[in-house]
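Take a look at the structure below.
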Number of protein chains: 2
Amino acid sequence: MTTKNIKTAERVFKALSDSNRLRILKILQVKPMAVCEITSILKLATSTVSNHLALLRDAGFIQDEKDGKWVNYRLTDEYIEKYVSELAPLFREWLEDDPLVKSDMKQAKIVDRFVICKQ
Amino acid sequence: MTTKNIKTAERVFKALSDSNRLRILKILQVKPMAVCEITSILKLATSTVSNHLALLRDAGFIQDEKDGKWVNYRLTDEYIEKYVSELAPLFREWLEDDPLVKSDMKQAKIVDRFVICKQ
DNA sequence: GAGTCATTTCGTTAACAATCGAAATTAAGC
DNA sequence: GCTTAATTTCGATTGTTAACGAAATGACTC
């Protein structure tokens, strides 16, 4: 577990203080996904999504890993950050009834990168 | 418990996403306090502190009550908001080792409104 | 190593948030 | 009800953040 000062706490909560980032966390709860898949569900510019992902990663909520030509993002499994390790299990149970989140998660189940991620 | 949609969650986390508001929560953990006492510890303009307090109150973390010519703020005891009721006990244990928070809480123990809140 | 496509970085714009001082409001005590 | 002092609201300024499109980077495939 890394240090736990007030700046760290601020960064962790800031990561959670945007509804699009909360949507991303709920989507990744369904399964790991590439940026283009997340983008297609959120309907935001890829650069915007990339920025949100970086904030969530820097706070310790998600991690990335290369998979061929894709970069997959997934919820962090081994939490390094104390705050995240306590918040993540809580948040997992939250927002399950939110209409937008439900719709997002439904799409996340069926999204197919080989269909979506072409241009 | 009130509704728990994504906008509510966003507001709750946004309330926690500023270090001065985190300091206020830790200070109020010591004891209920008037605005002028909190201001004297944080060393911010009263209008700034008032704004932070309103955000924390609207998110459900604190409540206010009149006490003569003062308005006392205290941590909410009966949590109406589901998210707050889960976060508040966690947060209570956090930041205890942060130097600034320790200094704040030390001051909070000895602050005396009858000495501080004159002009 | 050239082409292709996913991802990230950059530069810009617009909206939002933190801060302050000053003015307005509220309430207590005489 | 007048005075005094605490608190809140208002207006302006400054800094931060979310968003976009375009350009740059990175990596796989041939």
Side-chain angles (χ1 to χ4, degrees), chain A residues 6-7 10-25 27-28 32-59 62-74 111-119, chain B residues 6-7 10-25 27-28 32-59 62-74 111-119:
Chain A
I6 200 166
K7 280 292 158 196
E10 191 181 7
R11 185 168 65 246
V12 166
F13 286 126
K14 222 178 264 291
L16 298 176
S17 70
D18 178 273
S19 61
N20 285 328
R21 286 194 289 274
L22 296 180
R23 291 174 70 193
I24 291 174
L25 288 182
I27 287 170
L28 291 181
M33 257 182 274
V35 178
C36 63
E37 295 177 285
I38 300 169
T39 303
S40 79
I41 297 174
L42 263 51
K43 294 188 176 47
L44 293 172
T46 52
S47 55
T48 303
V49 171
S50 180
N51 183 47
H52 285 316
L53 289 170
L55 282 170
L56 287 169
R57 184 189 53 222
D58 293 348
I62 61 177
Q63 53 193 180
D64 54 4
E65 58 194 6
K66 294 290 303 180
D67 172 23
K69 62 178 172 178
W70 284 288
V71 175
N72 282 339
Y73 281 87
R74 61 167 63 246
V111 72
D112 179 357
R113 67 182 60 179
F114 296 103
V115 176
I116 295 295
C117 305
K118 305 269 189 221
Q119 69 189 23
Chain B
I6 201 166
K7 278 293 157 194
E10 191 182 8
R11 185 168 64 247
V12 166
F13 286 125
K14 221 177 265 289
L16 299 175
S17 71
D18 178 272
S19 61
N20 284 328
R21 287 195 288 274
L22 296 180
R23 291 174 70 192
I24 290 174
L25 289 181
I27 287 170
L28 291 180
M33 256 183 273
V35 178
C36 62
E37 295 177 285
I38 300 168
T39 303
S40 80
I41 297 174
L42 263 51
K43 293 188 176 45
L44 293 172
T46 52
S47 54
T48 303
V49 172
S50 180
N51 182 48
H52 285 316
L53 289 170
L55 281 169
L56 286 169
R57 184 187 54 221
D58 293 349
I62 61 176
Q63 54 193 180
D64 54 5
E65 58 193 7
K66 294 291 302 181
D67 172 23
K69 62 180 173 178
W70 285 289
V71 175
N72 281 338
Y73 281 86
R74 61 167 64 246
V111 73
D112 179 355
R113 69 182 60 181
F114 296 103
V115 176
I116 296 295
C117 305
K118 305 269 187 221
Q119 73 189 21

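Numbers restart at 1 for each chain; the letters A, B, ... are given by sequence-line order, proteins then strands. The basis for the numbers below is simple: all heavy atoms, side chains too, and nothing from hydrogens, waters or symmetry mates.
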* Asked: In whole angstrom, what separates A:Phe13's CZ from C:dA17's C1'?
  -> 19 Å
* Structure fact -> B:Asn72 meets the side-chain hydrogen bond (donor to acceptor under 3.5 Å, both in side chains) criterion, sequence neighbours left out, with B:Asp67, B:Arg113
* Structure fact -> To the nearest angstrom, the CG-P distance between A:Leu42 and C:dT7 comes to 14 Å
* Within-4.5 Å side-chain heavy-atom neighbours: B:Thr39 and B:Ile116 -> no
* **Euclidean distance, atom CG of residue A:Leu53 to atom P of C:dT7 [Å, nearest integer]** => 10 Å
* To do: Mind running side-chain contact (heavy atoms from CB on, under 4.5 Å) on B:Leu42 and B:Ile27 for me, showing each step along the way?
  => CA-CA 10 Å; B:Leu42 263 51; B:Ile27 287 170; 3.3 Å; yes
* Selection residues 38-49 of chain A - residue pairs positive for salt bridge (charged side-chain N to carboxylate O under 4.0 Å, His left out), sequence neighbours left out -> none
* Asked: To the nearest angstrom, how far is B:Leu22 atom CG from C:dA18 atom C1'?
  -> 14 Å
* Structure fact -> In numerical order, the residues of residues 62-74 of chain B whose heavy atoms come under 4.0 Å of DNA chain C are B:Lys66, B:Gly68, B:Lys69
* Asked: Which pairs, with at least one residue in residues 49-58 of chain B and sequence neighbours excluded, count as a side-chain hydrogen bond (donor to acceptor under 3.5 Å, both in side chains)?
  -> B:Arg21-B:His52, B:Arg57-B:Asp64, B:Arg57-B:Tyr73
* Evaluate the criterion side-chain contact (heavy atoms from CB on, under 4.5 Å) for residue pair B:Leu53 and B:Ile38; output intermediate values, then yes/no. => CA-CA 10 Å; B:Leu53 289 170; B:Ile38 300 168; 4.1 Å; yes
* Base, sugar-phosphate, or nothing: which does B:Ala54 touch, judged by heavy atoms less than 4.0 Å apart? -> nothing
* Between D:dT16 atom P and A:Lys7 atom NZ, what is the distance in whole Å? -> 10 Å
* Applying salt bridge (charged side-chain N to carboxylate O under 4.0 Å, His left out), name anything that partners A:Arg74, two or more places apart in sequence or on another chain. => A:Glu65
N/O-N/O pairs, protein side and nucleotides 17-19 of chain D side, under 3.5 Å:
unit_1, atom_1, unit_2, atom_2, d
D:dA18, OP1, A:Arg21, NH1, 2.9
D:dA18, OP1, A:Arg21, NH2, 2.9
D:dA19, OP1, A:Asn20, ND2, 2.8
D:dA19, OP2, A:His52, NE2, 2.4

* Whole angstrom is fine here: how far is it from CD1 in A:Ile24 over to P in C:dT7? => 13 Å
* Just jot down the salt bridge (charged side-chain N to carboxylate O under 4.0 Å, His left out) partners of B:Lys69, sequence neighbours excluded, or say none. => none
